[in-house]
Structure formats: structure tokens, C-alpha cells
Number of protein chains: 2
Amino acid sequence: MEKNLKSRATINRMQQKGLELFYQKGYYTTSLDDILKALQLSKGAFYYHFQSKEDFMVSIVQHLLFRKVYSMLIEPIEGKEDPFRNIETCLENALEIAEHNPMDFGFVLGNFMNEFNGKNENVSRYLNDICKAWEVSLVTALQKGKSDGYLERHHDSEGIATFVISSYFGVRSLMVGGNPRMLRYQYMQQLRCYFKSMALKSTF
Amino acid sequence: MEKNLKSRATINRMQQKGLELFYQKGYYTTSLDDILKALQLSKGAFYYHFQSKEDFMVSIVQHLLFRKVYSMLIEPIEGKEDPFRNIETCLENALEIAEHNPMDFGFVLGNFMNEFNGKNENVSRYLNDICKAWEVSLVTALQKGKSDGYLERHHDSEGIATFVISSYFGVRSLMVGGNPRMLRYQYMQQLRCYFKSMALKSTF
DNA sequence: GGGGAGACAGACCTGTCGGTCGGTCGGTGA
DNA sequence: TCACCGACCGACCGACAGGTCTGTCTCCCC
């Protein structure tokens with residue numbers, strides 16, 4: 001049992017560092033040696049715990065990425081209040097973290113989806129599942145918002161969710177290139193403008 | 001002189017195929033041999049015309065990508081009419097092309113920006129320049145729109161441009177994953193909704 | 001206290017990558 | 001006709017990738 005604990009600790013360290021480096025330098029352009037060197041571990045250690053590089057990546061997505069996206073982007077918008085307000089503050093927080101800590105997990109998702117699209121169907125599927133979960137939570141929040149009178153019923157919840165996800169992935173992509181503070185400000189202002197045009201009980 | 005023509009033809013073929021494969025499979029995951037095999041050419045031919053793989057990529061960005069982005073995303077919105085209308089039809093066209101032909105150049109730009117961010121400063125610079133050119137053209141169109149009474153002066157043109165670019169990059173990214181037709185429809189509907197909330201002389 | 005299993009070390013294998021380099025070939029001008 | 005040059009060929013190189021395999025260390029259990 002003590003052994004099992006040590007094993008888990010090592011696996012966690014590997015996954016953490018793996019996510020970090022894969023995100024920073026890209027999956028295909030980061031070698032296992034890069035990760036193992038940073039952790040002071042060997043090939044033997046790696047292949048003792050994982051079957052392959054791809055298996056390693058899948059484990060990162062399933063265990064680390066999913067949890068992070070859930071806690072940062074899904075859970076915060078499950079409130080009972082104005083869905084626009086919830087989504088807005090949620091994204092504002094995410095972008096604020098992204099400004100200081102380069103590894104905000106909402107965008108890690110988008111980044112990986114881009115990298116694996118058309119290259120690795122297996123990993124892509126897991127990533128798409130997470131993205132889908134985010135989308136569903138957005139749609140659910142918006143539908144509830146309709147019941148609670150925050151937006152009119154004729155609005156397309158799925159469309160709004162798509163637009164929110166798209167714009168967020170996009171702006172995070174731009175932020176990596178520079179001027180994160182300004183981009184965040186501009187983005188949030190426009191998002192508010194967009195939401196405002198649909199809101200009924202305006203709390204803006 | 002005849003020789004020079006042949007040389008240019010070969011260079012063009014290489015750049016075309018290079019862009020195609022780099023976009024489909026990624027720059028770092030596409031080998032020169034992949035490209036040369038598709039063209040029935042040899043390493044010797046490649047290194048006769050280009051100094052390195054990076055040099056090759058830069059030449060593609062400068063010559064092919066820039067021109068395409070210019071003709072597809074910049075030129076079409078330089079009209080005198082309603083900037084919202086212009087941008088809208090421009091993106092609609094781009095997405096329509098993207099739906100049938102997987103290589104729409106607006107997104108090739110976004111895709112490459114993602115891939116080279118933080119990995120190759122040299123290539124990134126050229127890509128950012130093109131993106132900046134697009135942004136400038138959007139801002140210019142919006143500013144002219146203010147003069148012509150299509151939107152109120154208090155709106156932030158830079159912010160709108162950022163939001164448009166972000167959302168477009170984002171939705172194109174999602175489209176690669178599947179359901180391009182639906183995503184395009186949803187995106188355009190929401191974009192119209194967003195624009196409508198700012199338009200003065202509504203032509204919608 | 002010794003043996004067996006878990007956790008890891010690291011040399012090594014094989015394939016592929018970007019890049020090099022001597023050689024080839026067809027057209028062209030003298 | 002023959003030297004020459006632009007355009008190209010393809011064998012080869014060293015670096016490095018993912019993955020394998022054998023050996024080793026350290027606990028725990030009997």
C-alpha cells in the first residue's frame with residue numbers, strides 16, 4: 001500500500017510536468033527525455049508506469065485536464081442566477097489567471113484540440129469530449145436562464161454556446177502572442193456588449 | 001531566362017504543396033521527404049532552392065499566405081458600404097469555402113500562429129504581421145463606418161476587431177473537429193446578432 | 001536474513017529527421 | 001561539337017526520437 005502511494009506520487013509528478021511541457025512546447029515537439037530530464041527520472045521509470053507516449057497523453061487529458069476544465073469552466077456557471085453574469089465572471093476569472101499564469105486550462109484544451117486534430121484520432125476524441133461537456137454546461141445554463149426569465153426563448157442556446165467557446169479559444173490564442181492585458185479587456189467588453197443585447201433583466 | 005522560369009515554377013510547386021501539407025499535418029510533423037515525395041522531387045532540388053526548412057516556411061508565409069489572406073479577408077471589407085455587412089459576407093464566404101475546401105486561408109493563419117507560438121520566434125513574427133494587417137483593415141473599415149453613420153462613435157473599433165478575429169479563429173478551429181455546416185450556421189447567426197446590437201442604419 | 005516484488009536506472013535498438021555533398025543531365029552559346 | 005552551368009538526384013551523415021531490456025536498489029514478509 002505504501003508502494004502504491006509512491007507509485008501514484010510519481011505518476012502525478014509525471015503527468016503534471018508532462019502537461020506543462022506539452023502545453024508549452026507542443027506534444028510532438030516535446031520528447032520524453034525532456035520531461036524525464038526535468039523530473040530527474042529515467043526511461044525505465046516512464047515505461048514502468050505508462051505503455052507509450054500516447055497512453056501517457058491520454059492519462060493526462062483524462063485525469064488532469066478534465067478535472068481542471070470542470071472546476072474552472074463548468075462548475076462556476078452552474079449557479080441559479082443570471083447565466084450571462086455567471087459565464088462572464090467565469091471567463092473573466094479564467095482570462096485573469098491566463099494573464100499571470102501562462103497555463104490556464106481552458107485554453108490548454110483549445111490548444112491541444114488544434115494540435116491533435118487530424119493527427120491523432122484517439123487523443124482528439126477525449127479532448128472533444130471535454131469540450132462537449134463544456135458546451136453542454138453552457139447550453140444548460142442558458143436554458144435555465146430562459147426559464148428564469150434572463151433571456152428570451154427564441155434565442156439559440158447552442159449557437160450562443162458555440163460563439164462563446166469559439167471567441168474564448170480565439171482570444172486566448174491571440175493572448176499568447178502578446179498584449180494579454182489589453183486583449184482581455186477588449187474581449188470582455190465586447191462579450192458584455194454581445195450578452196447585453198440578449199439580456200432581459202439587465203443586471204449590467 | 002527560360003531556366004529562370006523553370007526554377008520559379010519548381011519553387012511555386014514546392015510552396016503550394018508545402019503549405020498544403022504543413023497545414024494538414026502540421027509543420028513539425030511533416031518531413032521534407034513527405035513533401036518531396038508528393039512532388040516527385042529530391043532533397044537536392046529542395047536545398048538548391050531553399051536554405052532550410054524554416055527558410056522554406058518563411059517563404060511560404062510571405063508569398064502565399066499573405067496574398068491569400070489579403071485577397072480573402074482584407075480586400076473584401078474595404079468597400080464604402082456598411083462595414084458590418086462587409087465583414088459579415090466576407091466571413092460567410094470564408095466559412096463557406098472552409099466547409100468544402102478544408103484549406104481556407106483565414107484559418108491557416110490562425111492554425112500556424114498557434115503552432116509556432118513560443119517555438120519559432122522568426123516564423124511567428126511574419127504570421128503576426130499578417131494577422132495585424134487583418135486587424136488594421138477591420139479597424140479601418142469600422143472607423144470609416146463611424147464616419148458614414150453605420151455605428152456610434154463610442155464603440156471600440158479595436159475591441160470589435162479583436163472579437164471578430166478571435167471568434168473566427170475559434171470557430172474555424174472547432175469546425176475541423178466536425179459539424180462544419182452547423183457551426184457555420186450558428187456562428188453567422190450569433191455574429192449577426194452581435195453586429196445588430198451595434199448597428200445604427202440597420203440593413204439586417 | 002534472505003528472497004521476492006515493486007520502482008526505477010540507463011545502455012541500447014531501430015527508425016526518421018534535417019541537412020550535406022559529390023555526381024548527373026540536358027540545354028545553350030561559342 | 002564541346003565546355004559550361006543551372007537544375008536536380010540520391011546516397012549518406014549525425015542527431016535524436018520512441019521504445020526495449022537487463023540489471024539494480026530497497027523495502028517488506030516470512
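First the proteins, then the strands, lettered A, B, ... as listed; each starts at 1.
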**Asked** Should the pair A/Tyr194 and B/Tyr194 be assigned to parallel (<30°), tilted (30 to 60°) or perpendicular (>60°) ring geometry?
**Response** perpendicular
**Prompt:** Would you call the rings of B/Phe56 and B/Phe22 parallel, tilted or perpendicular if under 30° counts as parallel and over 60° as perpendicular?
**Reply:** perpendicular
**Message:** Whether A/Ser7 contacts C/dG6 is assessed here as follows: a side-chain N or O lying under 4.0 Å from the phosphate OP1 or OP2. Is that the case?
**Reply:** no
**Item:** Nucleotide D/dA7, atom P - distance to CZ of B/Arg13 in whole Å
**Value:** 15 Å
**Asked** Separation of A/Arg8 atom CZ from C/dG6 atom C1', in whole Å?
**Response** 15 Å
**Prompt:** Taking only N and O in the side chain of B/Thr10, is any of them less than 4.0 Å away from OP1 or OP2 of D/dC8?
**Reply:** yes
**Item:** B/Tyr48 OH to C/dT24 P, straight-line distance once rounded to whole Å
**Value:** 18 Å
**Request:** Please work out whether the ring planes of A/Phe163 and B/Phe163 are parallel, tilted or perpendicular, with thresholds of 30° and 60°.
**Result:** perpendicular
**Asked** Within this structure, what is the CG-to-C1' distance between B/Leu5 and D/dG6, rounded to whole angstrom?
**Response** 13 Å
**Prompt:** What integer distance in Å separates A/Asp33:CG from D/dG18:P?
**Reply:** 7 Å
**Request:** Determine the interplanar angle of the A/Tyr23 and A/Phe112 rings, folded into 0 to 90°, and report it as parallel if under 30°, tilted if 30 to 60°, perpendicular if over 60°.
**Result:** perpendicular
Any protein N or O atoms within reach of nucleotides 10-16 of chain C? Criterion: under 3.5 Å, listing atom names and distances.
residue	atom	partner	partner atom	Å
C/dG10	O6	A/Gly44	N	2.9

**A/Lys6 side-chain proximity, nearest of C/dG19, D/dG19, C/dA7** = C/dA7
**C/dG6 OP1/OP2 closer than 4.0 Å to side-chain N/O of A/His49** = no
**Message:** Give me each pair satisfying salt bridge (charged side-chain N to carboxylate O under 4.0 Å, His left out) with a member in residues 36-62 of chain A, each pair once, sequence neighbours excluded.
**Reply:** A/Asp33-A/Lys43
**Message:** In this structure, how many angstroms lie between the P atom of C/dA7 and the CZ atom of A/Phe50, rounded?
**Reply:** 13 Å
**Prompt:** In terms of the nearest nucleotide of DNA chain C, which residue is placed more toward the 5' end: B/Thr30 or A/Gln40?
**Reply:** A/Gln40
**Request:** Give the rounded distance in Å between these two atoms: CG of A/Leu39 and C1' of C/dA7.
**Result:** 15 Å
**Interatomic distance, B/Phe22 CZ vs C/dC17 P [rounded to whole Å]** = 12 Å
**Message:** Can you confirm whether more than 12 heavy atoms, excluding those of A/Tyr185, are under 6.0 Å from its OH atom?
**Reply:** no
**Item:** Given B/Tyr47, B/Phe46, B/Tyr48, the one that forms ring-ring contact (aromatic ring centres under 6.0 Å, His included) with B/Phe50
**Value:** B/Phe46
**Prompt:** Looking only at side-chain N and O atoms, does B/Tyr47 come under 4.0 Å of OP1 or OP2 in C/dG19?
**Reply:** yes
